[in-house]
Engineer: 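Sharing a structure below in structure tokens format, with a few things to ask.
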Amino acid sequence: MSFVKALRCKECGAEYPIEPRTICDNDFGPVEVAYDYDAMQGKVTRRSIEAGPRSLWRYRDLLPIEGEPRVGLNSGFTPLIRADNLARELGVQELYIKDDSANYPTFSYKDRVVSVALTKAMEFGFDTVGCASTGNLAHSVSAHAAAAGLRAFVMIPHDLEEGKIVGSLVFGPRMVKIKGNYDDVNRLCSQIADKYNWAIVNVNLRPFYTEGAKTHGFEIAEQLGWRLPRHTVVPVAGGTLLPKVYKAYRELITLGLVQDNHPAMYAAQAAGCNPVVAALEEGADLFKPQKPNTIAKSIAIGNPADGYYVIKDVRQSGGYGASADDNQIIDAIKLLARTEGIFTEPAGGTTLACAIKLIESGRIPRNESICLSITGNGMKTLEVMQGQFAQSPTINAKLAEFDRVVGQIAEMAPTPRSRRLAGAPDPIG
Ligand SMILES: *Cc1c(COP(=O)(O)O)cnc(C)c1O
Ligand SMILES: [Zn+2]
């Protein structure tokens with residue numbers, strides 16, 4: 001039993017049965033899963049959710065599956081951290097990190113969307129699954145497909161980081177490297193899905209896949225004690241996560257599980273691939289596709305499938321966007337690691353670097369609650385940090401030699417000092 005009503009066109013509202021379908025026949029608008037919220041009243045409660053498993057499946061009543069979850073039984077329910085050290089450095093009062101760098105089993109937010117998509121693929125009876133990926137999605141599809149006994153085909157741009165390739169291959173998928181960028185890979189995958197009748201999670205299962213991203217938002221609210229952050233900064237690639245976190249917040253408001261504090265959504269992109277943020281800054285409704293050139297490869301999507309809805313939701317929520325160049329992204333990766341002990345990949349560095357800009361420019365006030373979406377793990381992209389640190393001394397195992405280098409080391413890595421932003425008020429606490 002489920003509360004799913006239909007697939008509904010986001011443009012004209014036409015409804016379709018639950019089937020592998022991405023667009024509306026009338027206007028080619030994307031279709032989205034629609035639920036019967038009236039029927040949920042009194043049944044989907046804080047208590048019913050809290051009684052669920054410690055995984056993303058505690059929100060299954062708000063997810064588009066019919067039977068039992070089959071994939072990702074340990075995915076989701078990642079830590080929400082009150083980041084007081086970082087808050088002090090940034091001069092803000094109430095800062096949280098939603099840390100999907102710790103997501104199980106492949107250390108990115110993608111374990112959420114894949115858990116839902118592969119469960120749905122099994123309900124539909126597919127035996128082969130696949131994806132068009134910038135790396136993290138391929139890891140997640142490969143791992144979850146291995147555990148579920150499904151055949152997996154992963155399609156990636158040919159020039160991904162080595163860690164991103166090995167991190168998939170170890171799970172035994174069929175991998176095809178495509179000469180081109182992500183948008184070329186995605187286009188090819190649409191043709192593959194049609195011709196081979198495979199479940200390409202972010203293509204023909206996209207309406208189900210994207211719903212899994214809501215769990216990132218549900219968890220933020222529940223872990224805040226059933227409250228919404230006033231400001232949420234989310235990295236944008238294809239544009240799944242940001243609108244779905246916003247949808248999650250609004251669903252919780254509709255169900256009366258949280259108070260409506262008018263949560264504002266902010267898009268973070270790398271300067272080398274910022275179609276959505278450029279549109280927000282220009283005041284345009286439509287974005288212009290770009291050719292990506294950034295170290296933030298997992299979010300380097302120049303023609304985002306749901307970019308239009310990111311722009312719409314950011315505006316409607318009263319938020320904004322920012323972009324950060326590669327050096328700022330690396331500095332932010334180091335700052336997060338140094339202050340909170342969290343090592344994120346460039347996507348997470350982008351989120352923090354952009355949040356800093358939004359705070360400095362006054363778009364995000366310093367005295368209201370802020371949540372940053374950290375979506376991936378830095379261990380997967382070690383190469384971007386190469387050359388960032390001074391050589392450590394190598395010595396013989398002799399105390400005298402240690403005595404000689406210990407002072408030298410203290411100079412190389414000074415104790416973290418407070419590097420407050422210009423105009424920041426005195427730190428709290
Ligand atoms: C996929 C991904 C995102 C966001 O992607 P959307 O397509 O916009 O949902 C963000 N961070 C990381 C690390 C990712 O892998
Ligand atoms: Zn339509």
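Counting starts at 1 for both ligands and their atoms, following the listed order. Remember, predicted model here, so these are calculated numbers, not experimental data.
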Engineer: Which pairs of donor and acceptor atoms, one on a side chain in residues 265-280, lie under 3.5 Å apart (sequence neighbours left out)?
Structural biologist:
unit_1, atom_1, unit_2, atom_2, d
Tyr266, OH, His231, ND1, 2.9
Gln269, OE1, Val276, N, 3.0
Gln269, OE1, Val277, N, 3.1
Gln269, NE2, Val236, O, 3.2
Asn274, OD1, Gln290, NE2, 2.8
Asn274, ND2, Ser323, OG, 3.1

Engineer: Under the criterion side-chain contact (heavy atoms from CB on, under 4.5 Å), which of Leu241, Asn202, Thr240 is the partner of Thr210?
Structural biologist: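 The passing option is Thr240.
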
Engineer: Distance from Tyr109 atom OH to Asp100 atom CG, nearest 0.5 Å?
Structural biologist: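 Spacing of OH (Tyr109) from CG (Asp100) equals 9.5 Å.
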
Engineer: Scan Leu224, Ile370, Leu372 and name whichever one has a side-chain contact (heavy atoms from CB on, under 4.5 Å) with Tyr96.
Structural biologist: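 Between Tyr96 and the candidates, side-chain contact (heavy atoms from CB on, under 4.5 Å) is satisfied uniquely by Leu224.
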
Engineer: Output side-chain donor-acceptor pairs under 3.5 Å for residues 339-347, partner residues at least two apart or in another chain, one line each.
Structural biologist:
unit_1, atom_1, unit_2, atom_2, d
Thr339, OG1, Leu335, O, 2.7
Glu340, OE2, Asn85, N, 3.1
Glu340, OE2, Leu86, N, 2.8
Thr344, OG1, Gly376, O, 2.7
Glu345, OE1, Ser298, OG, 2.5
Glu345, OE2, Asn136, ND2, 2.7

Engineer: Has Lys120 got its NZ or CZ under 6.0 Å from the middle of the six-membered ring of Phe124, at an angle within 45 degrees of the ring axis?
Structural biologist: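 Yes - Lys120 lies over the ring of Phe124, closer than 6.0 Å to its centre and within 45° of its axis.
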
Engineer: Can you tell me which residues line ligand 1 if we count any heavy atom under 4.0 angstrom from one of its atoms, in chain and number order?
Structural biologist: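 Close residues (ligand 1, cut-off 4.0 Å): Tyr109, Lys110, Asn136, Pro235, Val236, Ala237, Gly238, Gly239, Thr240, Leu241, Ser298, Ile299, Glu345, Ala347, Thr375, Gly376.
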
Engineer: Is it possible for you to check whether Arg54 lies under 6.0 Å from the centre of the six-membered ring of Phe77, through NZ or CZ, and within 45° of that ring's axis?
Structural biologist: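 Relative to the ring axis of Phe77, which defines the angle, Arg54 lies outside at least one limit.
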
Engineer: Going from CD1 on Ile253 to CG on Leu228, what distance comes out if it is rounded to the nearest 0.5 angstrom?
Structural biologist: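 Rounded to the nearest 0.5 Å, the CD1-CG separation comes to 5.0 Å.
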
Engineer: With 2.8 Å as the threshold, which protein atoms of type N, O or S lie near the Zn ion (ligand 2)? Leave waters out.
Structural biologist: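 Atoms qualifying: Cys9 SG, Cys12 SG, Cys24 SG, Asp27 OD1, Asp27 OD2.
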
Engineer: Give the C-alpha distance, both sets of side-chain angles, the deciding distance and a yes or no for side-chain hydrogen bond (donor to acceptor under 3.5 Å, both in side chains) between Thr215 and Arg58.
Structural biologist: CA-CA 9 Å; Thr215 61; Arg58 66 206 276 108; over 6 Å; no

